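Inspection log for the structure reproduced underneath, given as structure tokens.
This is a predicted model, so every value here is computed, not measured. Lettering of chains follows the sequences in order, A, B, ..., and the numbering in each one begins at 1.
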Amino acid sequence: MFLVLRAEVEDALEGALSALDFPTDDLGIEEPPEDVESVLASSVAFRLAGEAGAPPPQVAGQIADEIDVDELTYVSAVQTEGPYLNFLPSDAYLAETLETATDEDYGELEDREESVVVEHTSANPTGPVHVGRARNPIIGDAVANLLEYAGYDVERHYYVNDAGRQMAVFTWAYETFDEDDLEDDPERDRIEYDLVRYYRTGNAFLENGPDEEVAEAEAEIESIMQGLEEGDDETYERVSEVVDQVLSGMKACLERLPAEFDEFVKETRFMRNGDTDDLVARLKDLDEAVYEEDAWQLDLEDHGIDKNLVFLRSDGTSLYATRDLAHHEWKFDNYDRAVTVLGEDHKLQARQLNTTLELLGNDTDQLEQVIFSWVNLPGGLGMSTREGTGVDLDDLLDEAIDRARQEVEDRLDDRIRDDDLDAEDIERIAHQVGIGAVRYDIVAKQPTKAITFEWDQALDFEAQSAPYVQYVHARCCGILEESAAQRAAEDASGQSPRAAGLDPETDLAGQGLDLESVDAGVLETEAERDLLETIARFPAVIEEAADDLEPHRIATFTREFADRFNAFYRECPVLSDDVDPAVRDARLALVAASKHTVANALDVLGVEAPRSM
RNA sequence: GGGCACGUAGCUCAGUCCGGAUUAGAGCGUCGGACUUCUAAUCCGACGGUCGUGGGUUCAAAUCCCAUCGUGCCCGCCA
């Protein structure tokens with residue numbers, strides 16, 4: 001509804017400005033501070049003061065006079081406050097917001113009939129997913145959800161680096177060493193924890209082993225890479241045995257978040273189908289192509305990139321970057337847009353990729369990157385799979401769930417709501433809260449900022465965390481369930497004509513509450529109106545966050561929303577006996593609207609919305 | 001050395017792209033309050049900030065420009 005209101009205000013303002021012969025290129029539309037009654041404002045009078053030869057407040061007055069409020073649907077009045085123009089919402093604005101928000105899909109924008117492939121995580125299949133990498137699936141999943149809500153047709157891809165030197169090393173190590181050669185037991189009973197030991201042992205051997213044996217190993221690794229390059233089936237099978245096993249374990253870990261994918265795209269696919277060879281041929285034809293030190297490279301200096309892009313090694317094998325170019329052209333063929341979530345260490349490669357794709361004649365406007373900074377351990381220590389440093393995501397999630405479970409149990413005695421949580425409920429809540437807290441903590445921050453990982457901070461269940469927002473959802477459900485129970489009781493005693501209760505799992509249409517007869521006009525308190533205005537903004541927040549690929553804005557919204565809801569909860573009883581029935585119904589609709597808003601906002605973030613907690 | 005990002009209360013962060021509403025917002029922590037009333041994982045109040053620093057542009061700068069300092073990342077025939 002906010003989007004419609006904004007369009008209406010823009011039209012009205014533009015009309016008024018041109019009627020007064022003022023320029024309309026900058027309408028100065030902004031959102032007013034919290035203590036101002038209006039939902040939209042304009043500071044355009046500041047800029048027009050010089051031209052008008054009058055002080056800004058006077059100009060604002062002129063403009064306000066020029067706008068005929070009677071012609072507007074969602075604006076009830078245009079007021080000036082000094083130089084500012086304030087647009088106040090009409091009853092129709094609030095009524096329609098209440099009505100549309102009681103729909104379960106509230107916040108989902110119209111289908112744009114545009115496909116987007118979101119590639120994220122794409123961690124090399126070398127071992128367990130650690131916390132340093134966890135930012136990628138958490139942000140990536142949220143970006144994909146966000147685009148889906150914004151009306152795009154989204155596919156989620158994990159690009160599997162199964163052709164690089166790392167995998168050749170891994171394959172060699174896996175085939176060469178035995179269980180006896182490995183120093184430690186697996187840290188966890190899952191395949192990637194088992195196999196990563198070979199990878200670590202192999203890398204240590206290559207670094208410190210006897211020269212002669214290392215040379216032999218290198219020869220073997222080289223032959224694996226050559227085999228892959230030539231499309232040799234046997235080599236592919238050998239490497240796949242390692243890749244598929246490790247990947248299956250990583251997949252299981254990511255599913256705990258859950259971060260799920262529509263497709264795991266292997267880079268060997270673009271070697272085996274000939275795309276990489278074709279691409280290399282086309283790259284060689286570019287003006288920027290140079291042959292230096294026996295390797296084919298692209299000199300991108302004229303395009304602002306100092307570092308050459310090597311696309312064919314002196315031994316004739318392709319590189320990750322080469323195959324990624326083929327990969328991206330494939331994306332362009334199959335999707336309207338492509339979004340990639342990358343760590344900041346890949347920034348330069350992303351620029352090279354972009355520039356090269358453009359040189360190859362692609363329209364790179366359809367390619368966007370979301371860059372995030374690294375997660376470090378306290379003391380500035382990094383996380384590495386090869387070296388085995390870092391916190392495993394599995395451990396973080398286990399710890400989060402344990403702490404959440406403890407929290408639920410500690411609070412059990414103090415609960416007022418008589419819904420008797422059983423063991424299964426406790427486990428459910430522990431999972432929803434624990435994992436939700438981890439995801440929220442990461443997705444709520446601007447990805448460009450570096451994060452230092454600290455247990456207590458990541459697992460803080462207090463305000464500004466997932467549980468804070470989840471609690472609002474549980475409160476909504478509590479009220480709706482309670483109302484259902486009350487109505488059922490009334491009906492049983494013949495006091496109420498309404499038989500159906502309200503099921504918080506579904507929307508209100510078709511339930512006992514007759515939305516047609518709900519009158520938003522009875523919502524008169526500031527708390528109610530503030531809440532409704534916040535609900536009204538949700539679709540606009542989705543749109544803006546999606547345009548900029550910034551899911552953290554949804555998290556910011558959930559906090560503002562939770563604040564507003566808690567104010568409403570404190571000041572406006574819904575089910576008390578002394579509440580007028582019309583007010584009660586309107587407030588129930590408001591609670592239902594709140595529930596859908598917060599549930600869907602959390603859904604975008606990939607955080608579950610508990611019915612009780 | 002060069003490139004890119006980040007620097008806002010003791011701590012963790014919004015706000016910065018698109019400059020505007022006499023006191024720059026939250027949370028944590030500290031201190032003090034609120035559960036006979038739809039769940040207190042909540043709420044109310046107090047304390048706490050030269051928005052890294054210095055210039056500039058502007059009627060107006062946390063926000064734009066320049067410089068500078070600090071931190072992170074990158075500058076491989078690795079991925």
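Using a 4.0 Å cut-off, no side-chain N or O of A:His327 falls inside it from OP1 or OP2 of B:A79. For the OP1/OP2 pair of B:A40 and a distance below 4.0 Å, the side-chain nitrogens and oxygens of A:Arg475 include at least one atom meeting the criterion. Residue A:Asn566 places at least one side-chain N or O under 4.0 Å from the OP1 or OP2 atom of B:C43. Listed pair A:Lys449 / B:U12 fails the phosphate criterion, with no side-chain N or O lying under 4.0 Å from OP1 or OP2.
For B:U58 and B:A14, the P atoms lie 32 Å apart once the distance is rounded to whole Å. Of the C1' atoms belonging to B:A21 and B:U36, the separation is 44 Å, rounded to the nearest Å. Here, B:A62 and B:U8 have their C1' atoms 7 Å apart, quoted to the whole Å. Across the P atoms, B:G10 and B:C6 are found 23 Å apart, a figure rounded to whole Å. Taking atom C1' in both B:A61 and B:A24, the straight-line distance is 12 Å, to the nearest Å. Taking atom C1' on both nucleotides, B:C69 is separated from B:U22 by 34 Å, rounded to a whole Å. Across B:C74 and B:C28, the matching C1' atoms stand 34 Å from one another, rounded to whole Å.
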Atom pairs under 3.5 Å, N or O on each side, protein against nucleotides 60-63 of chain B: can you list them with distances?
none

Quiz prompt | Worked verdict on A:Glu30 versus A:Ser43 for side chain to side chain donor-acceptor pair (under 3.5 Å) | solution = CA-CA 8 Å; A:Glu30 56 190 69; A:Ser43 59; 3.0 Å; yes
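With the 3.5 Å cutoff on both pairing distances, Watson-Crick and G-U pairs in RNA chain B assemble into runs of at least 3 at B:1-7 with B:69-75, B:10-13 with B:25-28, B:30-34 with B:42-46, B:52-56 with B:64-68.
Among the protein residues, A:Gly82 comes within range of no part of the nucleic acid, since none of its heavy atoms lies under 4.0 Å from any strand. Heavy atoms of A:Arg323 sit under 4.0 angstrom from primed sugar atoms or phosphate atoms, though from no base atom. Residue-level contact check: A:Phe311 touches neither bases nor backbone, having no heavy atom under 4.0 Å from any strand. Note on A:Val433: a base of the nucleic acid sits closer than 4.0 angstrom, heavy atoms only. Among the heavy atoms of the strands, none lies under 4.0 Å from A:Val591. As judged by a 4.0 angstrom heavy-atom cut-off over every strand, A:Thr126 is placed among residues making no nucleic acid contact. Base contact: A:Ala474 has a heavy atom under 4.0 Å from a base atom. A:Arg411 comes within 4.0 angstrom of a base, heavy atoms only. Nucleic acid contact class of A:Ile429 (heavy atoms, under 4.0 Å, all strands): base. A:Leu319 comes within 4.0 angstrom of sugar-phosphate atoms only, judged by non-hydrogen atoms across all strands, and of no base. Within 4.0 Å (heavy atoms only), A:Asp441 reaches no atom of the nucleic acid at all. Across all strands shown, A:Ala41 has heavy atoms under 4.0 Å from base atoms, whether or not it also approaches the sugar-phosphate. Within the nucleic acid shown, A:Asn86 comes within 4.0 Å of at least one base atom, counting heavy atoms only. When heavy atoms are screened at a 4.0 angstrom cut-off, A:Val310 is found touching the sugar-phosphate backbone but no base atom.
Between the side chains of A:Tyr468 and A:Asp460, no donor-acceptor pair is found at a separation under 3.5 Å. For the residue pair A:Glu608 and A:His431, no side-chain donor N or O sits within less than 3.5 Å of a side-chain acceptor on the partner.
Taking every side-chain heavy atom of A:Tyr468 into account, B:C43 is the closest of B:A26, B:C43, B:U39. The nucleotide whose nearest atom lies closest to any side-chain atom of A:Asn124 is, among B:A79, B:U42, B:A26, B:A79. Of the candidate nucleotides B:C78, B:C74, B:A14, B:A14 has the atom nearest to the side chain of A:His552. Closest contact between the side chain of A:Asp548 and the listed nucleotides B:C17, B:C78, B:C38 involves B:C17. Considering only the side chain of A:Val574, B:C38 comes nearest among B:C38, B:U39, B:C74.
Of all heavy-atom pairs spanning A:Ile479 and A:Leu575, the tightest one is O-CD1, 3.5 Å.
Residues passing the salt bridge (charged side-chain N to carboxylate O under 4.0 Å, His left out) test with A:Glu427, sequence neighbours excluded: A:Arg405. Listed by chain and residue number, A:Tyr84 satisfy the ring-ring contact (aromatic ring centres under 6.0 Å, His included) test with A:Phe46 (two or more places apart in sequence, or in another chain). Under the salt bridge (charged side-chain N to carboxylate O under 4.0 Å, His left out) criterion, A:Glu560 pairs with A:Arg537, sequence neighbours left out. For A:Phe372, the ring-ring contact (aromatic ring centres under 6.0 Å, His included) test picks out no residue, with sequence neighbours left out.
Regarding A:Lys445, its NZ atom lies at a distance of 6 Å from the C1' atom of B:U12, rounded to whole Å. As rounded to whole Å, 4 Å separates atom P of B:A41 from atom OH of A:Tyr471. Distance A:Gln352 CD to B:C4 P: 15 Å, rounded to the nearest Å. Atom CZ of A:Arg133 and atom P of B:A79 are 15 Å apart (whole Å). A:Tyr569 places its OH atom 15 Å from the P atom of B:C35, with the value rounded to the nearest Å. One atom, CG of A:Asp294, and another, P of B:G76, lie 18 Å apart when rounded to the nearest Å. Taking atom CG of A:Asp460 as the reference point, atom P of B:C28 lies 8 Å away to the nearest angstrom. Computed from coordinates, the A:Glu119 CD to B:A79 P distance equals 15 Å when rounded to whole Å.
Annotation for A:Glu37: atom CD does not count as buried by contact number, only 12 or fewer foreign heavy atoms lying within 6.0 Å. Summarising the local packing, CD of A:Glu409 is surrounded by more than 12 heavy atoms from other residues, nucleotides or ligands at distances under 6.0 Å.
Among A:Arg323, A:His328, A:Lys266, A:His120, the single residue meeting the side-chain contact (heavy atoms from CB on, under 4.5 Å) criterion with A:Tyr159 is A:Arg323.
Ion pairing between a basic and an acidic side chain is recognised when a charged N comes within 4.0 Å of a carboxylate O; A:Glu407 and A:Arg411 show such pairing.
The base of B:A79 is paired with the side chain of A:Gln349 by a donor and an acceptor separated by under 3.5 Å. Checked by distance alone, A:Glu81 brings no side-chain donor or acceptor within 3.5 Å of a matching partner on the base of B:A21.
You'll find the side chain of A:Val39 stays beyond 4.5 Å of the side chain of A:Glu31, heavy atoms only.
A tilted orientation is assigned to the rings of A:Phe311 and A:Trp296, their planes being inclined by 30° to 60°.
By the rule that a glycosidic angle within 90° of 0 means syn, B:C35 counts as syn.
Position along RNA chain B of the nearest nucleotide to A:Val44 versus A:Thr448 favours A:Thr448 as the more 5'-ward residue. Between A:Glu30 and A:Arg313, the residue anchored closer to the 5' end of RNA chain B is A:Glu30, taking for each the nucleotide with the nearest heavy atom.
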